[in-house]
Trainee: 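Let me begin by handing over the structure; questions about it come next.
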Amino acid sequence: MTRWRPEHNLVIGPDQAHPFAVSGYVAKGQPAVFTVDSIAAGRYVIWCSVPNHANNGMVGTLTVTP
Ligand SMILES: [Cu+2]
């Protein structure tokens with residue numbers, strides 16, 4: 001049985017094996033600000049690193065334009 005944690009985070013990287021920015025944890029449904037300085041233009045993968053969350057769909061893409 002999967003135990004769900006009530007919080008999430010946001011990780012950015014070229015892929016899930018190479019994270020370069022990790023937010024703090026945020027409670028479900030709560031707003032948060034995650035500031036990342038000096039990110040190059042490009043396409044990145046974003047995901048939640050709480051165990052099993054990315055595997056259950058908390059994955060997306062982030063496009064940074066120049
Ligand atoms: Cu999550």
Side-chain angles (χ1 to χ4, degrees):
M1 180 167 140
T2 301
R3 258 184 85 85
W4 293 92
R5 292 177 64 171
E7 65 271 356
H8 305 280
N9 70 354
L10 182 69
V11 183
I12 303 171
D15 55 61
Q16 290 186 35
H18 301 93
F20 67 74
V22 182
S23 77
Y25 291 105
V26 179
K28 178 182 177 182
Q30 296 302 304
V33 175
F34 179 28
T35 301
V36 179
D37 295 324
S38 302
I39 186 169
R43 189 166 188 233
Y44 300 91
V45 178
I46 56 174
W47 68 97
C48 178
S49 69
V50 173
N52 296 317
H53 287 204
N55 290 343
N56 283 288
M58 290 189 178
V59 179
T61 58
L62 169 70
T63 301
V64 177
T65 56

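As the structure lists them, so they are numbered: ligands from 1, and atoms in each ligand from 1. Note that the coordinates shown come from a computational prediction; the quantities given were computed from them, not determined experimentally. Values reported hereafter were calculated over all heavy atoms of this structure, with side chains retained and with hydrogens, waters and symmetry mates removed.
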Trainee: So how far is it from Ser49 OG to Gln16 CD, rounded to the nearest 0.5 Å?
Mentor: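 It comes to 9.5 Å.
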
Trainee: Tell me, which N, O or S atom in His8 is closest to the Cu ion (ligand 1)?
Mentor: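 For His8, the N, O or S atom at the smallest distance from the Cu ion (ligand 1) is ND1.
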
Trainee: Check His53 and report its N/O/S atom nearest to the Cu ion (ligand 1), by atom name.
Mentor: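 Going through the N, O and S atoms of His53 one by one, ND1 ends up nearest to the Cu ion (ligand 1).
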
Trainee: Does Asp15 use its side chain to pair, donor to acceptor, with the backbone of His18 at less than 3.5 Å?
Mentor: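 Present.
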
Trainee: If you look at every heavy atom in Pro19 and Val11, which pair is closest and at what distance?
Mentor: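 Taking Pro19 first and Val11 second, the nearest heavy atoms are CB-CG1, 3.3 Å.
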
Trainee: Measuring from Leu62:CG to Trp47:CH2, what's the distance to the nearest 0.5 Å?
Mentor: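 So the gap between those two atoms works out to 11.0 Å.
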
Trainee: Is there an N/O/S atom in Met58 at a distance below 2.8 Å from the Cu ion (ligand 1)?
Mentor: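 An N, O or S atom of Met58 is closer than 2.8 Å to the Cu ion (ligand 1), so yes.
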
